[in-house]
Trainee: 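Provided herewith is a single structure, encoded as structure tokens, for subsequent inquiry.
Computation of the quantities below employed the complete heavy-atom set of this structure, encompassing side-chain atoms and omitting hydrogens, waters and symmetry-equivalent molecules.
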Amino acid sequence: MEYAMKLEHLTKDFGSFRLEDVSFAIPGGTILGLIGENGAGKSTAIKCLLGILHPTSGQVELLEGEGLSAVGYVPDECPFSDQLKVEQVGKSCAGMFPGWEDELFAHYLQKFELPKGKKVKELSRGMKMKLSIAVALSHRPKLLVLDEATSGLDPVVRDEILDEFLAFIRDEDHAILLSSHITSDLEKICDYVVYLHRGRVTISGAKDELLETYGKLACSGADLAKVDPSLIVGKREGEYGCQALIKDRAAFRKAYPDLPLEVPSLEDLMIFTTRGDRE
């Protein structure tokens with residue numbers, strides 16, 4: 001399988017907000033991280049992908065024609081009734097998914113240490129998220145779509161869940177779309193990154209290549225003033241020094257060999273791109 005999912009020139013116009021010409025694809029066996037500030041359009045793109053929203057234009061192609069039955073979805077909030085017991089959640093989902101496997105659900109309950117007899121309302125946020133992931137995995141999806149699935153979780157639980165995601169994509173027929181504000185999580189596990197800003201794709205590509213292409217500059221105001229503005233994505237100027245995101249590390253080093261550059265983080269790419277847009 002070449003691609004698990006493609007969005008091609010996707011546009012969704014709400015009048016007050018417009019998701020504009022969004023295109024990206026997820027190869028099998030990989031994880032794509034979808035990043036962006038609140039209101040950037042991440043959830044809108046996911047809802048169009050899942051058929052919850054109908055695009056104004058453009059198209060979504062899933063799993064070489066297999067469709068939504070091969071997609072596991074984990075929203076940011078647990079979708080199950082507070083009054084259901086954990087084991088009852090599995091029974092209620094069994095009739096919803098053609099590929100549902102009771103034994104697999106039981107396996108994940110044991111693996112995630114989820115108490116069968118507890119009601120959903122009695123679970124911690126971390127346990128609720130594990131339950132949602134257990135449900136999503138128990139009908140053997142090929143594409144896992146996660147909308148802020150790790151937000152609000154403590155580092156230990158997040159690390160456990162990230163390990164599960166990496167195990168899922170060892171089969172190259174599987175892929176993950178992970179929307180998250182926690183860019184450190186994405187740096188750990190993502191192969192590709194798409195940055196949505198004000199409804200548009202601002203940065204897109206292989207994560208390692210992006211972090212190799214861009215550079216983070218820390219220098220004096222006088223040194224920053226010498227830098228060609230076309231190389232600067234965004235900057236932060238303060239009383240004790242300046243920082244800037246450089247869009248072409250190789251070109252910068254050739255032009256300014258005496259100014260040191262650091263490898264940026266995904267958070268740097270977000271923050272400085274947003275700052276540059278406001279300037």
Trainee: Distance from Arg236 atom CZ to Cys242 atom SG, nearest 0.5 Å?
Mentor: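 Here the interatomic distance stands at 10.5 Å.
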Trainee: List the atom of Ala94, the atom of Asp102, and the distance in Å for their closest heavy-atom pair.
Mentor: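 The pair with the smallest heavy-atom distance is CB-OD1, 4.3 Å.
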Trainee: CD/Glu160 to CE/Met129 distance, rounded to the nearest 0.5 angstrom?
Mentor: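 These two atoms lie 13.0 Å from each other.
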Trainee: Could you see if Leu114 belongs to whatever hydrophobic cluster contains Val156? Use Ile, Leu, Val, Met, Phe, Trp, Tyr and a side-chain cutoff under 4.5 Å.
Mentor: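 Shared cluster, no.
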Trainee: So, for Glu37 and Met270, which heavy atoms are closest and what is the spacing to 0.1 Å?
Mentor: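 Residues Glu37 and Met270, closest heavy atoms: N-CE, 3.9 Å.
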Trainee: Identify, with sequence neighbours excluded, every residue that meets side chain to side chain contact (heavy atoms under 4.5 Å, CB included) alongside Thr213.
Mentor: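 Thr213: no side chain to side chain contact (heavy atoms under 4.5 Å, CB included) contacts found.
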Trainee: Distance check, rounded to the nearest 0.5 Å: Cys190 atom SG versus Asp185 atom CG?
Mentor: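 Between Cys190 SG and Asp185 CG, I get 9.0 Å after rounding to 0.5 Å.
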Trainee: Give me each pair satisfying ring pair (Phe, Tyr, Trp, His ring centres under 6.0 Å) with a member in residues 124-166, each pair once, sequence neighbours excluded.
Mentor: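 Those involving residues 124-166 are Phe97-His139.
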Trainee: Going by salt bridge (charged side-chain N to carboxylate O under 4.0 Å, His left out), name the residues that satisfy it together with Arg253, two or more places apart in sequence or in a different chain.
Mentor: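 For Arg253, no residue satisfies salt bridge (charged side-chain N to carboxylate O under 4.0 Å, His left out) once neighbours in sequence are set aside.
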Trainee: Phe252: which residues meet the ring-ring contact (aromatic ring centres under 6.0 Å, His included) condition with it, sequence neighbours left out?
Mentor: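 Residues passing ring-ring contact (aromatic ring centres under 6.0 Å, His included) with Phe252: Tyr256.
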Trainee: Are any of the side-chain heavy atoms of Leu177 and Leu49 separated by less than 4.5 Å?
Mentor: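 Leu177 vs Leu49: side chains touch.
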Trainee: How about Thr183 and Tyr195: does a side-chain donor come under 3.5 Å of a side-chain acceptor?
Mentor: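 Checked: Thr183/Tyr195 side chains show no N/O donor-acceptor pair below 3.5 Å.
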Trainee: Just jot down the side chain to side chain contact (heavy atoms under 4.5 Å, CB included) partners of Ser92, sequence neighbours excluded, or say none.
Mentor: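 Once residues adjacent in sequence are excluded, the partners of Ser92 under the side chain to side chain contact (heavy atoms under 4.5 Å, CB included) criterion are Leu84.
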Trainee: Could you tell me if the side chain of His181 sits less than 4.5 Å from the side chain of Asn38, heavy atoms only?
Mentor: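 With C-beta onward as the side chain, the pair touches.
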Trainee: Within the 4.5 Å heavy-atom criterion, are Tyr214 and Lys247 side-chain neighbours or not?
Mentor: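 Yes, close enough: below the 4.5 Å cut-off.
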Trainee: Applying side-chain contact (heavy atoms from CB on, under 4.5 Å) to Leu166 and Ile31, what does each step give before you reach the verdict?
Mentor: CA-CA 8 Å; Leu166 290 171; Ile31 300 176; 4.1 Å; yes
Trainee: So with a 6.0 Å cut-off around NZ of Lys6, is the heavy-atom count from everything else above 12?
Mentor: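 Counting other residues, nucleotides and ligands, NZ of Lys6 exceeds 12 neighbours.
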Trainee: Would you give me the side-chain donor-acceptor pairs under 3.5 Å for residues 217-227, sequence neighbours excluded?
Mentor:
residue: Ser220; atom: OG; partner: Asp223; partner atom: N; Å: 3.1
residue: Ser220; atom: OG; partner: Asp223; partner atom: OD2; Å: 3.3

Trainee: With sequence neighbours left out, what residues match Tyr108 under ring-ring contact (aromatic ring centres under 6.0 Å, His included)?
Mentor: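 If we apply the ring-ring contact (aromatic ring centres under 6.0 Å, His included) test to Tyr108, skipping adjacent residues, the hits are Phe112.
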Trainee: Taking salt bridge (charged side-chain N to carboxylate O under 4.0 Å, His left out) as the test, write out the residues that go with Glu8, two or more places apart.
Mentor: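 Expected list: none.
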Trainee: Under a single-linkage definition using a 4.5 Å side-chain heavy-atom cutoff for Ile, Leu, Val, Met, Phe, Trp and Tyr, are Val194 and Ile182 assigned to the same hydrophobic cluster?
Mentor: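 Not linked; separate clusters.
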Trainee: Within the distance-only criterion (no hydrogens, no angle test), does the side chain of Lys42 pair as donor or acceptor with the backbone N or O of Gly36 below 3.5 angstrom?
Mentor: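 Present.
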Trainee: Is the shortest heavy-atom distance from the side chain of His174 to the side chain of Leu144 under 4.5 Å?
Mentor: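 Contact flag for His174/Leu144 side chains = no.
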Trainee: Any side-chain heavy atom of Ile246 sitting closer than 4.5 Å to one from Pro264?
Mentor: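 Of all side-chain heavy-atom pairs linking Pro264 with Ile246, none is under 4.5 Å.
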Trainee: Determine the minimum heavy-atom distance between Val74 and Ala149, stating which atoms define it.
Mentor: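 Nearest heavy atoms, Val74 then Ala149: CG1-CB, 4.2 Å.
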Trainee: Check ring-ring contact (aromatic ring centres under 6.0 Å, His included) between Phe80 and all other residues, then give those that pass, not counting sequence neighbours.
Mentor: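 For Phe80 there are no ring-ring contact (aromatic ring centres under 6.0 Å, His included) partners, ignoring immediate neighbours.
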Trainee: Decide if atom CD of Glu122 counts as having more than 12 heavy atoms of other residues, nucleotides or ligands within a radius under 6.0 Å.
Mentor: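 Yes, enclosed.
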Trainee: May I ask you to test the Ser180-Arg158 pair for a side-chain heavy-atom distance under 4.5 Å?
Mentor: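 No, their side chains stay 4.5 Å or more apart.
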Trainee: Run the side-chain contact (heavy atoms from CB on, under 4.5 Å) check on Thr44 and Leu53 step by step: do they pass?
Mentor: CA-CA 8 Å; Thr44 297; Leu53 292 175; 4.1 Å; yes
Trainee: Heavy-atom count check: over 12 atoms from other residues, nucleotides or ligands less than 6.0 Å from Lys188 NZ?
Mentor: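 Counting other residues, nucleotides and ligands, NZ of Lys188 exceeds 12 neighbours.
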Trainee: Quick one, Glu267 and Ile35 - any side-chain contact, counting heavy atoms below 4.5 Å?
Mentor: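 No, their side chains stay 4.5 Å or more apart.
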Trainee: One pair to check against side-chain contact (heavy atoms from CB on, under 4.5 Å): Leu104 and Leu137. What are the steps and the verdict?
Mentor: CA-CA 8 Å; Leu104 189 57; Leu137 292 173; 5.6 Å; no
Trainee: Enumerate the residue pairs fulfilling salt bridge (charged side-chain N to carboxylate O under 4.0 Å, His left out) with a member in residues 10-21, sequence neighbours excluded, ordered by first and then second residue.
Mentor: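 Listed once each, the pairs are Asp13-Arg18, Arg18-Glu20.
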Trainee: As an exercise, state the distance from SG of Cys48 to CG of Leu7, rounded to the nearest 0.5 Å.
Mentor: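 Output value for this atom pair is 8.0 Å.
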Trainee: Rounded to the nearest 0.5 Å, how far does CD1 of Ile133 lie from CG of Leu146?
Mentor: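 The distance works out to 6.0 Å.
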Trainee: Where do Ala244 and Ile232 come nearest, in terms of heavy atoms and distance?
Mentor: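 Heavy atoms only, the tightest pair is CB-CG2, 4.2 Å.
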Trainee: State, yes or no, whether a side-chain contact exists between Glu77 and Arg125 at a heavy-atom distance under 4.5 Å.
Mentor: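 Counting from C-beta outward, Glu77 and Arg125 do come under 4.5 Å.
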Trainee: How many angstroms lie between atom CG of Leu143 and atom CG of Leu68, to the nearest 0.5 angstrom?
Mentor: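 One finds 9.5 Å between CG of Leu143 and CG of Leu68.
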Trainee: Would one find more than 12 heavy atoms of other residues, nucleotides or ligands at under 6.0 Å from atom CD of Glu187?
Mentor: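 Yes.
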Trainee: Quick one, Asp147 with Lys47, criterion side-chain contact (heavy atoms from CB on, under 4.5 Å). Give me CA distance, side-chain angles, the key distance, then yes/no.
Mentor: CA-CA 10 Å; Asp147 193 356; Lys47 287 175 181 177; 5.8 Å; no
Trainee: Looking only at heavy atoms, what is the nearest atom pair of Gly199 and Phe17, with distance?
Mentor: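 So the minimum-distance heavy-atom pair works out to CA-CZ, 3.7 Å.
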Trainee: Which atom pair, heavy atoms only, marks the closest approach of Ala175 to Ile26?
Mentor: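 Taking every non-hydrogen atom into account, CB-CG2, 3.7 Å.
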Trainee: List in chain and number order the residues that pass ring-ring contact (aromatic ring centres under 6.0 Å, His included) with Phe105, two or more places apart in sequence or in another chain; answer none if no residue qualifies.
Mentor: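 In terms of ring-ring contact (aromatic ring centres under 6.0 Å, His included), with neighbours along the sequence ignored, Phe105 is linked to Trp100.
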Trainee: Can you sort out the partners of Lys116 under side chain to side chain contact (heavy atoms under 4.5 Å, CB included), two or more places apart, ordered by chain and number?
Mentor: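 Lys116 satisfies side chain to side chain contact (heavy atoms under 4.5 Å, CB included) with Glu87, Leu109 only.
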